[in-house]
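Both backbone and side-chain heavy atoms feed into the values below; hydrogens, waters and symmetry mates do not. Numbers here are sequence positions counted from 1.
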Amino acid sequence: MAFSFTALRLGIEEDLLPLSAVLHQRGVPHRIYEERGQQVLKVDREAQVADVITLYDAWRAGEFRIERVERAAGPAAATRHSAVSNAVLLSPITIILIVLSMIGFLLYYLRAPFEWLSMLTFTPFTTAGGQAQFQGFSGQYWRLLTPAFLHFGWLHIAFNSLWLWELGSKIERTLGAVNMILLFCTIALISNTAQFVFGGPGMFGGMSGVVYGLLGFSWAGAKIQPTWGFAPPRSIMIMMVGWLLFCMAGVVEVLGFGAIANAAHLGGLVAGALLGAAFGYLSRISHDKT
């Protein structure tokens with residue numbers, strides 16, 4: 001969700017946790033963060049601003065009380081369960097992308113007919129004499145995106161699913177489902193096209209290009225707009241970029257782990273970083289005007 005509307009600006013010493021709990025109970029999505037020595041409470045719809053202000057004023061006027069009550073058993077487990085549930089509910093697009101990736105993996109792993117796999121590759125192909133013969137694009141525009149769902153091994157699908165959840169769910173919870181869809185479509189299109197241009201026709205696939213795109217978006221976007229709060233740790237950036245350079249140097253192929261879609265990874269990373277910079281800059285301008 002893109003929490004764009006400021007409902008409250010209060011002193012840093014004020015405890016807003018009870019108010020936040022009531023807002024959660026009433027189904028009002030919100031975010032509280034510190035900015036310039038103040039606490040800022042934002043909501044995702046303008047109509048909710050007046051409701052939050054009214055609720056806060058009534059609470060401080062003593063018209064009702066909010067008390068913290070310890071749960072009888074398992075409070076830590078219940079809290080963790082609630083946090084996971086909220087993350088899943090607020091990240092539906094990320095979940096759908098992971099499920100579609102698993103379906104693409106199962107099609108390959110269970111040796112589905114080549115005609116099914118051919119529907120997902122960047123260019124259609126037929127088989128003759130055990131060899132794949134790639135054909136023209138023929139205006140089948142879904143192929144610009146669908147290679148992202150193809151996966152060719154357990155490590156491939158596990159690695160991409162974990163990083164897609166780690167990066168994508170944070171972005172989607174902050175910027176909303178619509179922006180997540182736009183990000184996926186744009187990054188997948190650029191990364192897949194880059195791999196085709198530099199690698200030629202072939203049965204390439206995987207969500208890695210999108211993962212690197214989300215990594216670039218998280219890093220560049222959160223640098224420009226720190227209130228998003230999803231910047232990846234420096235250690236993660238070093239590890240992921242280091243692995244990219246390791247693969248581009250050809251070491252992985254020499255060791256016998258198969259071909260790597262390096263152009264898709266690099267294209268996704270650059271595209272994501274540029275999108276993150278653009279989104280972050282626009283958000284920063286909008287925030288400053290507000």
Participant: Heavy atoms, side chains only, cut-off 4.5 Å: are Ile171 and Leu214 in contact?
Facilitator: yes
Participant: Just one of Leu107, Leu100, Ile103 clears the side-chain contact (heavy atoms from CB on, under 4.5 Å) bar with Leu120, so which one?
Facilitator: Leu107
Participant: Would you indicate whether Trp219, at its atom CH2, is surrounded by more than 12 heavy atoms from other residues, nucleotides or ligands within a distance under 6.0 Å?
Facilitator: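 No, CH2 of Trp219 has 12 or fewer neighbouring heavy atoms, counting only those of other groups under 6.0 Å.
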Participant: Donor-acceptor pair, Trp142 side chain versus Met119 backbone, under 3.5 Å?
Facilitator: yes
Participant: Checking Tyr212 side chain against Gly267 main chain: does a donor-acceptor pair fall under 3.5 Å?
Facilitator: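 Checked: no pair found.
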Participant: Please say whether more than 12 non-hydrogen atoms of neighbouring residues, nucleotides or ligands are located less than 6.0 Å from CG in Leu155.
Facilitator: no
Participant: Go through the steps to decide whether Phe217 and Leu274 satisfy the test side chain to side chain contact (heavy atoms under 4.5 Å, CB included), and finish with yes or no.
Facilitator: CA-CA 7 Å; Phe217 184 92; Leu274 293 175; over 6 Å; no
Participant: If only atom types and distance count, is the side chain of Gln195 paired as donor or acceptor with the main-chain N or O of Ala263 below 3.5 Å?
Facilitator: yes
Participant: Please find the pair of heavy atoms, one from Ile190 and one from Ala271, that lie closest to each other, and give the distance.
Facilitator: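 Where Ile190 meets Ala271 most closely, the heavy atoms are CD1-CB, 3.6 Å.
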Participant: Shortest non-hydrogen contact from Ser208 to Asn160?
Facilitator: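 Minimum heavy-atom separation between Ser208 and Asn160: OG-OD1, 2.9 Å.
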Participant: Classify the ring geometry between His30 and His24 as parallel (under 30°), tilted (30 to 60°) or perpendicular (over 60°).
Facilitator: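 If you compare the ring of His30 with that of His24, the planes turn out tilted.
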Participant: Looking only at side chains, do Ser91 and Glu172 share a donor and an acceptor under 3.5 Å apart?
Facilitator: no
Participant: Do any N or O atoms from the side chain of Arg31 and from the backbone of Trp228 form a donor-acceptor pair under 3.5 angstrom?
Facilitator: yes
Participant: Is it true that atom OH of Tyr108 has more than 12 heavy atoms of other residues, nucleotides or ligands lying nearer than 6.0 Å?
Facilitator: no
Participant: Taking all atoms of both residues into account, what is the closest heavy-atom pair of Gly205 and His156, and its distance?
Facilitator: O-CE1, 3.5 Å
Participant: Can you tell me if Glu46 uses its side chain to pair, donor with acceptor, with the backbone of Phe5 under 3.5 Å?
Facilitator: no
Participant: Phe184 vs Ile93, test: side chain to side chain contact (heavy atoms under 4.5 Å, CB included). Steps then yes/no.
Facilitator: CA-CA 9 Å; Phe184 164 74; Ile93 303 304; 5.8 Å; no
Participant: Distance-only, no hydrogens or angles: does the Thr6 side chain make a donor-acceptor pair with backbone N or O of Leu8 under 3.5 Å?
Facilitator: no
Participant: Would you say the ring centroid of Tyr109 lies under 6.0 angstrom from that of Trp154?
Facilitator: yes
Participant: Do any N or O atoms from the side chain of His151 and from the backbone of Met207 form a donor-acceptor pair under 3.5 angstrom?
Facilitator: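 Between the backbone of Met207 and the side chain of His151 there is a qualifying donor-acceptor contact (under 3.5 Å).
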Participant: Under the 3.5 angstrom rule, does the side chain of Arg143 hit a backbone N or O of Thr121 as a donor-acceptor pair?
Facilitator: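 Between the backbone of Thr121 and the side chain of Arg143 there is a qualifying donor-acceptor contact (under 3.5 Å).
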